[in-house]
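What follows is a single structure, written as structure tokens, with notes after it.
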Number of protein chains: 2
Amino acid sequence: MTSLAPASVTDKPLRRDAAENRERLLTAAAMVFAEHGMDAGVEEVARVAGVGMGTLYRRFPSKQALIDALVGGIREDLRDLARSAATRTDGTGLEELLVTAAELQAARSGCLQRLWDHSEAGRDAIEEFRTRVVELLHSAQAQRRVRSEITSTDITMVFWSVRGVIETTRTEAPTAWRRHLEVLIAGLRPVATDQFASKLTEKPLTEAELRRITGPNR
Amino acid sequence: MTSLAPASVTDKPLRRDAAENRERLLTAAAMVFAEHGMDAGVEEVARVAGVGMGTLYRRFPSKQALIDALVGGIREDLRDLARSAATRTDGTGLEELLVTAAELQAARSGCLQRLWDHSEAGRDAIEEFRTRVVELLHSAQAQRRVRSEITSTDITMVFWSVRGVIETTRTEAPTAWRRHLEVLIAGLRPVATDQFASKLTEKPLTEAELRRITGPNR
DNA sequence: GGATATATGGAGTTCGGGCTCCGCTTCGTC
DNA sequence: GACGAAGCGGAGCCCGAACTCCATATATCC
């Protein structure tokens, strides 16, 4: 878990109390949004953080900026999980990442929609994350843990898919996504029998389409 | 496809022009919400329907009521798809339903969140839908198309999961969900090899949990 | 410890979107 | 075709939530 989204390194450092309030606000926002979703009021965030509205708006120029900073932090955490999974050499790294990334999403539910959209925050982190997913996928395929026709965009769709289950079940059955993920991982395995069609008939999401969904940047 | 949510049968029938405007409003709302999501303005809905604000608010007492009527119609359509799938006797009905229900969700994206939540509209329809899913699942399992440890709540999670992919990809890759669904269905199949764990280790979502998520009614 | 730039809180302002009101029109019946 | 009931449009009302302003307080530097 990285620290919560330090501001840009080019800015002059904040005064100690200001920096502390910034952290308190991000922590509070994570809690409030996880509980009530992103349409929770900024006043509630400020109250939970124990600061006034003025402080919130000096640290973050808008509610959107606050959310972006939060999302940036989550993306950095995702990147760290991918780095950690990459240390496995037996082809199980992808499966580990699918589980740990889902755990992270479950813990930070509320702003998951922004997590996979165009927003600028943490762009480099999510870029590295994608690169590592490709490597982990190839490794898993080399070990015959995942069939060869699966593409990295298929893995991306697994994240989106798990997100859907997490957001639907989070209040009443916060761990239900684990079982669904087991079914999903089973769907990635090589198909040993030819009783059923072993080939996916629909073409995969292309990289270009993925770019348009997750960020038109560059 | 059923007609768009007739009002309660107990009410006296609407005047011809009023009934027509009701339909126009529902059609317009489906279009507008599918394009811009549920936070699109009611003014936009009225404009697309070609009626004034007053008309919208005489036909539906609130924006929420309009959405509920829309959701009720979709739930009735879902029920009809389940009835249609139930006519298959070779165990493929479940797979047909997964595809056709996903197609319906893709066509009506925008209010999918409400589709699976507590809202009252079309409760009986969704109830029958669930019953038929259970039957279709048993049939698929009897034909060995789906492994026996899969429960009906696992199927429900498949709907939630596909919804997540649909909502993420709808503007840029509106058919991407088809490939993801193929992976999901592969995950439901019997596992022929014992190279990997063939058993799901997480306990399924219970019926009681499902009830709390989709409706505390009754 | 004094000077000063920086930070704070919370009452008010703004604004967008849901909703209402009422003078005029249309439908359906006799 | 006349009459009453039901329906219509859209300008404006209203509320809630994002955002601003400034008198006061605090950290940092010497």
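Each chain gets a letter, A, B and so on, in the order the sequences are listed, and its residues count up from 1.
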Does a side chain donor of either B:Asp117 or B:Gln113 reach within less than 3.5 Å of an acceptor in the other side chain? no

Nucleotide C:dC21, atom P - distance to CG of B:Leu56 in whole Å: 16 Å

Let me know the distance between CZ of B:Arg22 and C1' of D:dC8, rounded to the nearest Å. 17 Å

Without decimals, in angstroms, what is the distance between A:Glu20 CD and D:dA27 C1'? 12 Å

Determine the interplanar angle of the B:Trp116 and B:Phe129 rings, folded into 0 to 90°, and report it as parallel if under 30°, tilted if 30 to 60°, perpendicular if over 60°. tilted

Just how large is the angle between the end axes of the helix from C:dG1-D:dC30 to C:dC30-D:dG1, five pairs per end, to 10 degrees? 30°

In this structure, how many angstroms lie between the P atom of C:dT20 and the CZ atom of B:Phe60, rounded? 15 Å

Phosphate contact (D:dG9 OP1 or OP2) by B:Thr55 side-chain N/O below 4.0 Å: yes

Salt bridge or not for A:Arg83 and A:Glu128, using N-O below 4.0 Å? yes

Which pairs, with at least one residue in residues 35-53 of chain A and sequence neighbours excluded, count as a salt bridge (charged side-chain N to carboxylate O under 4.0 Å, His left out)? A:Glu44-A:Arg47

Note: A:Arg132-A:Glu127 ion pair, threshold 4.0 Å (strictly below): no

For B:Asn21 and D:dG9, what is the distance between atoms CG and C1' respectively, to the nearest whole Å? 11 Å

Please give, in whole Å, the distance from C:dA7 C1' to A:Arg59 CZ? 7 Å

Check: protein-nucleotides 18-21 of chain D nitrogen or oxygen pairs below 3.5 Å:
residue	atom	partner	partner atom	Å
D:dA18	OP1	A:Lys63	NZ	2.8
D:dA18	OP2	A:Val42	N	3.1
D:dC19	OP2	A:Tyr57	OH	3.1
D:dC19	OP2	A:Lys63	N	2.9

For residues 160-175 of chain A, the salt bridge (charged side-chain N to carboxylate O under 4.0 Å, His left out) pairs (sequence neighbours left out) are A:Arg163-A:Glu167, A:Glu172-B:Arg212

Excluding sequence neighbours, so at least two apart, what forms salt bridge (charged side-chain N to carboxylate O under 4.0 Å, His left out) with A:Arg59? none

Show me the donor-acceptor pairs, under 3.5 Å and distance only, between side chains in residues 49-58 of chain B and residues at least two apart or in other chains.
none

